[in-house]
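Data first, discussion second: the structure below is written as structure tokens.
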Amino acid sequence: MKGAFITATGTGVGKTWLASALATACMQQGKRVAAIKPIETGVDPDPADALQLAHACGNESLANAPGLYRAREPLAPYAIEKRGGPSVGSLRSLAKRVRELANDADYVIVEGVGGVLVPIDRDHTIADLGALLDLQTVVVARNALGVLSYTISAVEALRKRKVSVRAIVLNHVDRDLKNDVSRASNADVLADYFPRIPIVRVPRVQSPDGMVDAASQLLNILKI
Ligand SMILES: Nc1ncnc2c1ncn2[C@@H]1O[C@H](COP(=O)(O)OP(=O)(O)O)[C@@H](O)[C@H]1O
Ligand SMILES: [Mg+2]
């Protein structure tokens, strides 16, 4: 299975927007794409991320396909399980389900949930699903003060779990805060820490469509 696993330093940093833009960029190259969110919480009543991804790849049925984890509360899956809600179950089965759903596609784009170490159950985090999927892993990070530590922590945590990071996306999520001078140097510092990991900078945009150029750049890096 060829594709990308989109994880991040945390929630709300642009995974869904990037994954949608990546799906669009891939389809512009004439590829059949399956964009999937295997685990989504805060589903009340619809899986908003999964729907956005499904819409982007033109396959609405992927959002509510059986066998994917959906839960109402906006919490980590393990927190939901501890409160008596549904548990994710076997990550191996979930990875197999993703593969089945992507069977007809040339390329699969899988969005994680939250940041790299979100607890899925007592013994597993989303990084373990990433390892099982064995796709090209992309870490999305918010280009703002603090991103250095968040990103270095994320890359090291993934490496420890045998997931190598193929690209870092520095995403300009926030409106310009004049006093955040870190934005100008964050990419350079990360490049020194990770000389072999390409960094793609994404500007502030109005919608995922505004990210398609950056997503195409990412596709070139991933050699898709
Ligand atoms: N490059 C960007 N420019 C402007 N707003 C962005 C950008 N990236 C993300 N956002 C904003 O951040 C929100 C969270 O992005 P999203 O992709 O849903 O994050 P995640 O999937 O990581 O939780 C989006 O709804 C959008 O409002
Ligand atoms: Mg998302």
Side-chain angles (χ1 to χ4, degrees), residues 3-25 33-44 46-57 62-64 68-77 79-80 88 98 108-120 125-127 129-130 133 135 137-147 150-151 153-155 157-158 165 167-177 180 182-184 186-187 199-218:
F5 175 60
I6 311 298
T7 186
T9 53
T11 194
V13 302
K15 291 184 300 295
T16 307
W17 278 33
L18 179 81
S20 304
L22 205 54
T24 305
V33 180
I36 300 173
K37 176 101 176 173
I39 297 178
E40 184 157 353
T41 69
V43 174
D44 192 14
D46 296 313
D49 282 11
L51 281 171
Q52 190 174 327
L53 297 180
H55 183 72
C57 73
L62 287 173
N64 288 304
L68 304 180
Y69 178 85
R70 302 287 183 254
R72 190 178 51 79
E73 289 179 291
L75 292 170
I80 291 171
V88 173
V98 169
V108 62
I109 296 165
V110 178
E111 182 186 344
V113 60
V116 291
L117 294 189
V118 160
I120 302 302
T125 67
I126 191 71
L129 180 64
L133 288 170
L135 299 169
T137 298
V138 176
V139 172
V140 184
R142 179 195 301 259
N143 191 6
L145 190 63
V147 75
Y150 293 143
T151 308
S153 306
V155 173
L158 287 165
V165 175
I168 293 169
V169 170
L170 261 188
N171 185 22
H172 190 152
V173 181
D174 306 289
R175 257 186 215 96
D176 267 314
L177 305 167
D180 190 350
S182 82
R183 278 207 185 111
N186 287 330
I199 297 171
V200 177
R201 296 180 67 156
V202 177
R204 193 173 151 77
V205 293
Q206 294 304 318
S207 72
D209 283 345
M211 288 187 185
V212 174
D213 283 352
S216 302
Q217 206 188 319
L218 182 58

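Counting convention: from 1, in listed order, for ligands and their atoms alike. Worth saying up front: this structure is predicted, and the values here are computed from it rather than measured.
- Taking the side chain as every heavy atom from C-beta outward, F5 and I126 approach each other to under 4.5 Å.
- Residue G14 has at least one nitrogen or oxygen atom sitting less than 3.5 Å from a nitrogen or oxygen atom of ligand 1, judged on distance alone.
- With respect to atom 2 (C) of ligand 1, the closest heavy atom belonging to the protein is H172 O, 3.5 Å.
- Protein heavy atoms are found inside the 4.0 Å sphere centred on atom 6 (C) of ligand 1.
- Atom NE2 of H172 is surrounded by more than 12 heavy atoms from other residues, nucleotides or ligands within 6.0 Å.
- Between Q52 and ligand 1 there is no heavy-atom distance shorter than 4.0 Å.
- Among all non-hydrogen protein atoms, the one lying nearest atom 1 (N) of ligand 1 is N171 OD1, 2.8 Å.
- Between V202 and ligand 1, not a single N/O pair is under 3.5 Å apart.
- A pairwise comparison of heavy atoms in I120 and P77 identifies O-CB, 3.7 Å as the closest pair.
- More than 12 heavy atoms of other residues, nucleotides or ligands sit less than 6.0 Å from atom OH of Y69.
- Between the side chain of T41 and the backbone N or O of L75, at least one donor-acceptor pair lies under 3.5 Å.
- W17 CZ2, 3.9 Å is the protein heavy atom nearest to atom 27 (O) of ligand 1.
- The closest approach of E111 to the Mg ion (ligand 2), by N/O/S atoms, is made by OE2.
- For ligand 1, the polar-atom distance check against L18 finds no nitrogen or oxygen pair separated by under 3.5 Å.
- Between OG1 of T16 and OD2 of D49, the angle at the Mg ion (ligand 2) works out to 90°, rounded to 10 degrees.
- Distances shorter than 4.0 angstrom do not occur between any heavy atom of S20 and any atom of ligand 1.
- Between I109 and I6 there is a side-chain heavy-atom pair separated by less than 4.5 Å.
- Looking only at side-chain heavy atoms (C-beta outward), P38 and L129 come within less than 4.5 Å of each other.
- Atom CZ of R72 and atom CD1 of I80 lie 9.0 Å apart (nearest 0.5 Å).
- Distance alone, capped at 3.5 Å, is enough to place a donor-acceptor pair between the E40 side chain and the A50 backbone.
- Counting only heavy atoms of the protein, atom 11 (C) of ligand 1 lies nearest to V173 CG1, 3.9 Å.
- Contacts with ligand 1 closer than 4.0 Å are made by no heavy atom of A8, backbone or side chain.
- Listed by atom number, the atoms of ligand 1 under 4.0 Å from M211 heavy atoms are 1 (N), 2 (C), 7 (C), 8 (N).
- The side-chain heavy atoms of M211 and L218, taken from C-beta on, include no pair separated by under 4.5 Å.
- Residue contact annotation: Q206 has no non-hydrogen atom under 4.0 Å from ligand 1.
- Ligand 1 has a nitrogen or oxygen under 3.5 angstrom from a nitrogen or oxygen of G12.
- Residues S182 and V147 fail the side-chain proximity criterion, which asks for heavy atoms closer than 4.5 Å.
- The distance from ligand 1 to the heavy atoms of R204 drops below 4.0 Å at these ligand atoms: 1 (N), 3 (N), 4 (C), 5 (N).
- In terms of protein heavy-atom proximity, atom 3 (N) of ligand 1 is nearest to V205 N, 2.9 Å.
- Listed by number with element, the atoms of ligand 1 under 4.0 Å from a non-hydrogen atom of E111 are 21 (O).
- With a 4.5 Å cut-off on side-chain heavy atoms, V138 and L18 count as touching.
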